[in-house]
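Below: one structure, written as structure tokens.
Side chains are part of it too, since the values below use all heavy atoms of this structure and drop only hydrogens, waters and symmetry mates. Only a predicted model underlies this, so the values are computations on that prediction, with no experimental measurement involved.
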Amino acid sequence: MRTIVFGEVKWKVPTCGHHAHVSVFGAVNVLNGDTVLHRAVAANATTFLDFLKILKSRYPDQLIVLVLDNARIHHVKMVRDFLRQEGESFHFQEGESFHLIFLPPYSPQLNPIERLWKWLKDAVIANVFHKDQMDIDQAIARFMEYIDQQPEEVLRRLGCAA
């Protein structure tokens, strides 16, 4: 609890005392609005690899095209090794599981998933006090349940609707 003083009036503004957060990895099928969101305790190479495995299990016999920024976690050895085992390359070939497209620096507007992140932040984070990390996580879970039932709205918000 922090006290803020304006003139002679004191308001007590509840705060967590630190910046609680939840990391979320996500992918959207731009053809049908299907989303795969994975909440994690941190955004690191291990949790990114977990997300890739989730995608692979969700779409076992399909080529998965991912648009990524150039974050370090996307390039570490354990991720490269996994992708190599899955047949990833930059030129589509039979048997590939992943095709990665890396965006130029400072160009998040080129990635449709950024519009989903904005929607999530507007719906879950903006102007909302979350008492702790669990509260944030529960709000994100509710958002995930909602968008799972609204693929047409997902496509519309991403600018992929017909």
Side-chain angles (χ1 to χ4, degrees), residues 16 18-126 130 132-151 153-161:
C16 293
H18 65 285
H19 298 286
H21 73 280
V22 174
S23 296
V24 182
F25 293 97
V28 176
N29 183 327
V30 295
L31 300 176
N32 64 15
D34 184 35
T35 57
V36 179
L37 299 179
H38 173 60
R39 297 185 315 270
V41 294
N44 57 42
T46 302
T47 55
F48 178 61
L49 191 55
D50 292 341
F51 176 65
L52 293 178
K53 291 174 182 176
I54 290 167
L55 285 174
K56 176 69 175 161
S57 69
R58 181 89 169 255
Y59 301 100
D61 298 320
Q62 297 180 29
L63 175 67
I64 300 165
V65 178
L66 292 176
V67 178
L68 301 167
D69 60 20
N70 279 288
R72 279 169 72 165
I73 64 171
H74 300 149
H75 297 282
V76 299
K77 185 177 183 334
M78 71 167 44
V79 170
R80 287 193 322 262
D81 289 348
F82 170 78
L83 292 170
R84 198 171 299 113
Q85 289 173 347
E86 293 298 322
E88 180 271 335
S89 77
F90 291 101
H91 304 287
F92 177 63
Q93 299 170 3
E94 188 76 28
E96 279 185 353
S97 296
F98 293 94
H99 179 79
L100 307 182
I101 300 171
F102 288 97
L103 294 175
Y106 309 107
S107 57
Q109 73 281 3
L110 299 177
N111 194 342
I113 195 83
E114 294 296 335
R115 294 178 198 94
L116 183 75
W117 298 145
K118 181 179 181 340
W119 182 16
L120 182 143
K121 289 176 186 174
D122 289 348
V124 173
I125 305 297
H130 294 282
D132 55 25
Q133 189 168 355
M134 184 182 296
D135 192 34
I136 297 170
D137 195 54
Q138 290 170 347
I140 290 171
R142 286 189 301 274
F143 178 81
M144 290 170 62
E145 288 172 15
Y146 174 78
I147 66 170
D148 278 347
Q149 304 303 316
Q150 305 296 326
E153 186 174 357
V154 169
L155 290 175
R156 185 180 60 73
R157 287 185 177 256
L158 268 57
C160 300

For the atom pair [atom1] ([X]) and [atom2] ([Y]), what is the distance rounded to the nearest 0.5 Å?
X: Glu145; Y: Gln150; atom1: CD; atom2: CD; answer: 12.5 Å
X: His75; Y: Asn70; atom1: NE2; atom2: CG; answer: 4.0 Å
X: Asp137; Y: Arg39; atom1: CG; atom2: CZ; answer: 4.5 Å
X: Gln62; Y: Asn29; atom1: CD; atom2: CG; answer: 8.0 Å
X: Phe82; Y: Leu52; atom1: CZ; atom2: CG; answer: 5.5 Å
X: Phe143; Y: Leu120; atom1: CZ; atom2: CG; answer: 4.5 Å

Can you name the closest pair of heavy atoms from [X] and [Y] and give their distance?
X: Leu55; Y: Ala27; result: CD2-CB, 3.9 Å
X: Val67; Y: Asn111; result: O-ND2, 3.0 Å
X: Asp69; Y: Phe102; result: O-CD2, 3.4 Å
X: Leu37; Y: Gly26; result: CD2-CA, 3.5 Å
X: Thr35; Y: Val28; result: CG2-CG2, 3.8 Å
X: Asn32; Y: Pro151; result: O-CB, 3.3 Å

task: Classify the angle between the aromatic ring planes of Phe51 and Phe25 as parallel (below 30°), tilted (30 to 60°) or perpendicular (above 60°).
output: parallel

- request: Verify, without hydrogens or angle tests, whether His130 (side chain) and Ile125 (backbone) share a donor-acceptor contact under 3.5 angstrom.
  value: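 Such a contact is absent between His130 side chain and Ile125 backbone.
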
query: Ion pair present between Asp81 and Arg84, side-chain N to carboxylate O less than 4.0 angstrom?
result: yes

task: Using a strict 4.0 Å threshold on nitrogen-to-oxygen distance, state whether Arg156 and Glu153 make a salt bridge.
output: yes

task: Start with the C-alpha gap between Phe48 and Val76, add the side-chain angles, then the distance that decides, and say whether side chain to side chain contact (heavy atoms under 4.5 Å, CB included) holds.
output: CA-CA 10 Å; Phe48 178 61; Val76 299; over 6 Å; no

message: Is there a side-chain contact between His74 and Leu66 in this structure, where contact means two heavy atoms from C-beta onward sitting under 4.5 Å apart?
response: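 Answer no - side chains too far apart.
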
query: Between Asn44 and Thr47, does a side chain to side chain donor-acceptor pair (under 3.5 Å) hold up when you go through it step by step?
result: CA-CA 5 Å; Asn44 57 42; Thr47 55; 3.2 Å; yes

Steps toward side chain to side chain contact (heavy atoms under 4.5 Å, CB included) verdict (Leu116, Leu158): CA-CA 7 Å; Leu116 183 75; Leu158 268 57; 4.1 Å; yes

